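If you read the sequence from its start, that first residue is 1, and numbering goes on from there. These numbers come from a predicted model, not from an experiment.
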Amino acid sequence: MTTLLALACLALATNVYAAFPDCANGPLANNTVCDTSATPLERATALISLFTLEEKINNTGNTAPGVPRLGLPAYQWWQEALHGLADSPGVIFSESGEFSYATSFPQPILMGAAFDDALINSVATVVSTEGRAFNNANRSGLDFWTPNINPFRDPRWGRGQETPGEDPFHLQSYVYNLITGLQGGLDPAYKRVVATCKHYAAYDLENWMGNVRYGFDALVSLQDLSEFYTRSFQTCARDANVGAFMCSYNAVNGVPSCANSYLLQDILREHWNWTNEDQWVTSDCDAVQNIYEPHYYAPTRAQTVADALNAGTDLDCGTYYPDFLGVAYNESLINVTTLNRALIRQYASLVKLGYFDPAENQPYRQLGWENVSTPYAEQLAYTAAVEGITLLKNDGTLPLSKDIKTLALIGPWANATTQMQGNYYGVAPYLISPLMAAEALNYTVLYSSGPGIDDPTTPTYPAAFEVASQADAIIYAGGIDTTVEAEAMDRYTIDWPGVQPDFIDLLSQLGKPLIVLQMGGGQIDDSCLIPNTNVNAIIWGGYPGQSGGAALMDIIAGNAAPAGRLPITQYPIEYVNEVPMTDMSLRPSATNPGRTYMWYTGTPIFEFGYGLHYTNFSATLSAPSAASYDVQSLVAACAGAAYLDLCPFEAYTVNVTNTGSTHASDYVSLLFVAGEHGPTPYPNKVLVAYDRLHGVEPLSSQTTTLNLTLGSLARRDDYGNTVLYPGEYTLLLDVEPQSTQSFTLTGESTVLDYWPQP
Ligand SMILES: O=[N+]([O-])c1ccc(O[C@@H]2O[C@@H](CO)[C@H](O)[C@H]2O)cc1
């Protein structure tokens with residue numbers, strides 16, 4: 001973080017965002033870059049043609065100085081916006097007044113739990129609106145290094161909180177809606193902002209047993225690479241037309257990602273057809289340097305930058321490119337065409353953002369402070385938290401009886417404020433802790449912090465027991481936070497840390513209604529709490545953002561109904577002893593119990609997709625149109641489709657009835673497919689569709705349609721090819737299936753998509 005802060009200070013001191021180029025009267029006015037009738041490629045090419053070699057090389061790092069003699073301003077490429085505008089070199093919050101805050105949504109892991117694509121699109125639209133408003137006030141650039149869309153493979157990962165979860169289909173659907181929200185559609189005349197899918201690829205380890213992300217070599221089979229690690233990235237590139245990619249610190253099968261032409265050229269640009277003139281790849285920060293050390297992949301610094309640039313890394317978040325590309329050029333390790341290509345991609349993206357165009361005719365150049373943290377955005381941040389919060393246990397104590405007037409709020413999250421933002425956050429307009437929210441609901445609140453997250457001392461917290469004994473009900477708010485799961489910090493245990501479980505056990509012996517809030521992004525094994533009948537309810541609250549306390553307390557009080565679903569598996573504590581974090585394989589083996597709900601062979605504490613409600617639902621799935629389908633006929637019917645895996649299979653109607661008589665509630669339909677088809681082993685099941693219904697009233701029904709594609713039914717072979725196989729298929733509606741349907745596919749297996757071979 002030191003470098004990050006230093007860069008931020010540097011950015012402030014040099015005010016790198018202070019200007020747009022003056023295309024009316026500046027030195028560039030007569031250059032094609034200022035000609036709005038020319039294409040982005042023509043405009044960026046014309047701009048670059050004015051640069052000397054030195055000026056080109058100077059502008060290959062994230063803090064680009066521009067070209068003062070041409071009136072081309074400096075530009076900072078590094079902006080963060082994981083769940084709202086975030087402190088980073090390019091995002092500068094004012095000390096006070098206007099632009100001193102922006103909406104802070106829940107961390108992606110909680111928004112993933114909402115399983116609500118429309119919500120994600122709305123959140124992304126707000127984030128990009130606020131980004132534009134900050135840009136218009138010279139407080140941000142126009143590209144953002146979000147989302148983190150690596151699948152959450154291992155429960156120990158410190159950055160799993162930044163992702164929507166472990167399921168590739170879920171990630172694909174989530175990221176499509178996020179990118180189109182951030183960028184303003186698939187191919188808008190002006191992009192709202194440029195989004196960046198990171199960290200490509202197979203990045204999901206920080207620092208575990210001496211394995212550090214900067215030098216880790218992820219050994220990944222082609223099957224897992226195609227099926228699991230790159231699916232969300234495929235959606236970013238091929239389907240959502242994302243503007244930028246970030247290559248990751250780690251190597252994949254021996255080649256550092258940012259020097260990996262198989263990843264960056266063969267798969268990303270060629271196979272996924274990510275070939276627009278304005279689409280660029282940045283390195284993760286100092287990842288180019290890391291190719292030299294600690295990967296020790298290239299013998300010299302000049303060879304290092306040449307390897308990265310030639311492989312397709314266009315921008316260096318760092319200074320290796322500006323420092324060493326000149327040497328590489330002199331040694332003939334790079335040519336000017338490749339250098340131009342990198343710069344053209346970047347400046348063409350600024351063209352698409354309207355950077356060189358008159359402000360008057362642009363939809364986003366008028367946005368200002370009045371468009372930041374609007375009542376709508378505030379409400380959306382609250383809704384996002386409510387929708388993600390997941391009820392894991394409830395004996396009927398929740399929602400709380402109206403007879404409960406006095407609440408004891410205890411634990412290291414009870415008065416959480418900044419804690420609720422997780423990581424990569426900015427200044428929120430406010431941060432409503434559970435304590436504040438309980439008071440706002442007119443409970444008499446007795447507060448005592450009790451143990452810290454990882455407090456190792458014996459659980460004697462007299463003040464906490466004092467308030468607990470005086471209250472009608474106890475809310476214990478704890479779990480984990482960024483002191484134990486963070487960037488550069490993986491966990492070694494997935495147990496409740498410190499004395500918390502013992503302390504909760506002692507609290508439970510008071511025999512009062514006891515609600516446990518299990519907070520944090522990664523899961524912790526709740527089996528110490530589940531059998532305890534005096535622990536009446538467990539809620540998982542993730543990192544719920546600026547209105548997190550209000551969302552939690554409204555659910556507890558019954559002003560809102562929980563309907564979130566776990567976007568990750570809650571494994572038992574022994575899981576961390578059964579497989580090293582460095583083992584990237586998904587499928588079970590003698591040394592691996594299998595990863596994610598798809599492949600895990602043990603019994604999870606709570607399954608992926610688990611989540612209770614305040615009411616009961618019954619849900620039925622419509623029948624397939626046939627009992628059997630011929631593979632060749634299905635594929636033949638898709639002739640002409642751009643991508644066979646996206647070709648529709650069937651649409652299923654789900655009828656959802658709230659069978660309770662008291663509580664309206666949202667309901668998430670999760671549709672899985674299982675069965676014996678394709679290569680062994682077979683996955684337990686695979687998510688193929690989902691949707692969230694809102695406000696299903698008591699004793700009434702709603703319907704939704706779940707669309708399946710041929711890709712939903714396909715599996716990956718050993719080479720990573722996507723193949724439709726004959727065999728048995730069973731559709732399972734919901735985690736504990738409410739409704740099932742079966743059909744068979746007959747005929748010959750058929751490849752829907754050939755995976756590029758290394
Ligand atoms: O030196 N620093 O200050 C610093 C800060 C953050 C950092 O992490 C990397 O930077 C982020 C860039 O978007 C990536 O998501 C993350 O992997 C890497 C380096």
Side-chain angles (χ1 to χ4, degrees), residues 3 6-7 10-11 13-23 26-34 40-78 89-90 141 143 244 258-259 277-278 280-283 285-289 291-292 298-351 355-356:
T3 316
L7 284 172
L10 178 72
T14 54
N15 196 12
V16 291
Y17 325 101
F20 287 93
D22 181 358
C23 264
L28 290 172
N30 293 322
N31 183 272
T32 303
V33 76
C34 288
L41 178 60
E42 290 164 346
R43 296 174 70 178
T45 306
L47 174 68
I48 299 305
S49 72
L50 303 177
F51 288 21
T52 64
L53 179 68
E54 192 184 358
E55 286 165 345
K56 287 177 183 174
I57 290 172
N58 282 346
N59 282 287
T60 51
N62 64 292
T63 306
V67 183
R69 75 179 171 90
L70 298 175
L72 181 70
Y75 183 80
Q76 174 56 258
W77 291 94
W78 186 357
D143 66 290
C258 294
E277 64 277 2
D278 62 331
W280 44 270
V281 174
T282 180
S283 73
C285 297
D286 291 334
V288 173
Q289 177 183 337
I291 294 169
Y292 183 65
T300 63
R301 292 177 171 87
Q303 187 68 54
T304 297
V305 294
D307 285 351
L309 187 74
N310 291 334
T313 300
D314 301 304
L315 176 70
D316 175 12
C317 178
T319 58
Y320 248 46
Y321 272 10
D323 289 348
F324 301 113
L325 277 176
V327 186
Y329 180 80
N330 290 337
E331 293 178 3
S332 301
L333 299 173
I334 60 161
N335 63 42
V336 85
T337 310
T338 315
L339 181 60
N340 287 349
R341 183 184 69 179
L343 290 164
I344 288 168
R345 286 170 176 162
Q346 292 161 51
Y347 285 105
S349 86
L350 289 180
V351 169
Y355 187 67
F356 296 93

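Residues W78 and T282 are not in side-chain contact: their nearest non-hydrogen atoms beyond the backbone lie 4.5 Å or more apart. At least one side-chain heavy atom of P73 sits less than 4.5 Å from a side-chain heavy atom of Y355. Two residues are said to be in side-chain contact when any heavy atoms from C-beta on lie closer than 4.5 Å; V288 and F324 fail this criterion. Y347 is listed as a side-chain neighbour of L72, based on a closest heavy-atom distance under 4.5 Å. Contact of the V67 side chain with the L50 side chain is not registered, since no non-hydrogen atoms from C-beta on lie closer than 4.5 Å. V305 is not listed as a side-chain neighbour of V327, based on a closest heavy-atom distance of 4.5 Å or more. Counting only heavy atoms from C-beta outward, the side chains of Y320 and T304 approach each other to under 4.5 Å.
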Check: Should N335 and T338 be marked as a side chain to side chain donor-acceptor pair (under 3.5 Å) after you check the CA-CA gap, both sets of side-chain angles, and the distance that decides it?
Finding: CA-CA 6 Å; N335 63 42; T338 315; 2.8 Å; yes
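With sequence neighbours left out, the ring-ring contact (aromatic ring centres under 6.0 Å, His included) criterion links Y292 to no other residue. By the salt bridge (Lys or Arg N to Asp or Glu O under 4.0 Å) test, D323 pairs with no residue at all, sequence neighbours left out. Judged as a side chain to side chain donor-acceptor pair (under 3.5 Å), and not counting sequence neighbours, the contacts of D278 are K191. Partners of D314 by salt bridge (Lys or Arg N to Asp or Glu O under 4.0 Å), not counting sequence neighbours, listed by chain and number: R269, R345.
Between the CD1 atom of I291 and the CD atom of Q289 there is a distance of 10.5 Å, given to the nearest 0.5 Å. The line from CG of L343 to OG of S49 is 12.0 Å long, rounded to the nearest 0.5 Å. Note that CG of D307 and CG of L333 are 8.5 Å apart. Values are rounded to the nearest 0.5 Å. One distance of note links CD1 of I57 with CD1 of I334; it measures 5.5 Å at 0.5 Å rounding. The distance from the OG1 atom of T45 to the CG atom of N340 is 8.0 Å, given to the nearest 0.5 Å.
Taking all atoms of both residues into account, the shortest heavy-atom contact from W77 to A64 is NE1-CB, 3.9 Å. Of all the heavy atoms in D316 and S283, the pair that sits closest is OD1-OG, 3.5 Å. Across every non-hydrogen atom of A348 and P40, the tightest pair is CB-O, 4.0 Å. Contact record, L339 with L53: CD2-CD1, 3.8 Å, taken as the closest heavy-atom pair. The heavy-atom pair separating Q346 from S349 by the smallest distance is O-OG, 2.8 Å. For P322 against G318, the heavy-atom pair with the smallest separation is CD-O, 4.4 Å.
Surrounding CZ of F51 are more than 12 heavy atoms belonging to other residues, nucleotides or ligands, all under 6.0 Å away.
Among pairs with a residue in residues 51-66, those fulfilling salt bridge (Lys or Arg N to Asp or Glu O under 4.0 Å) read E55-R69, at least two apart in sequence or across chains.
A distance-only check finds no donor-acceptor pair linking the side chain of Y75 to the backbone of N59 [under 3.5 Å].
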Side-chain donor-acceptor pairs under 3.5 Å in residues 26-34, sequence neighbours left out?
residue	atom	partner	partner atom	Å
N31	OD1	V33	N	2.8
N31	ND2	A46	O	3.4

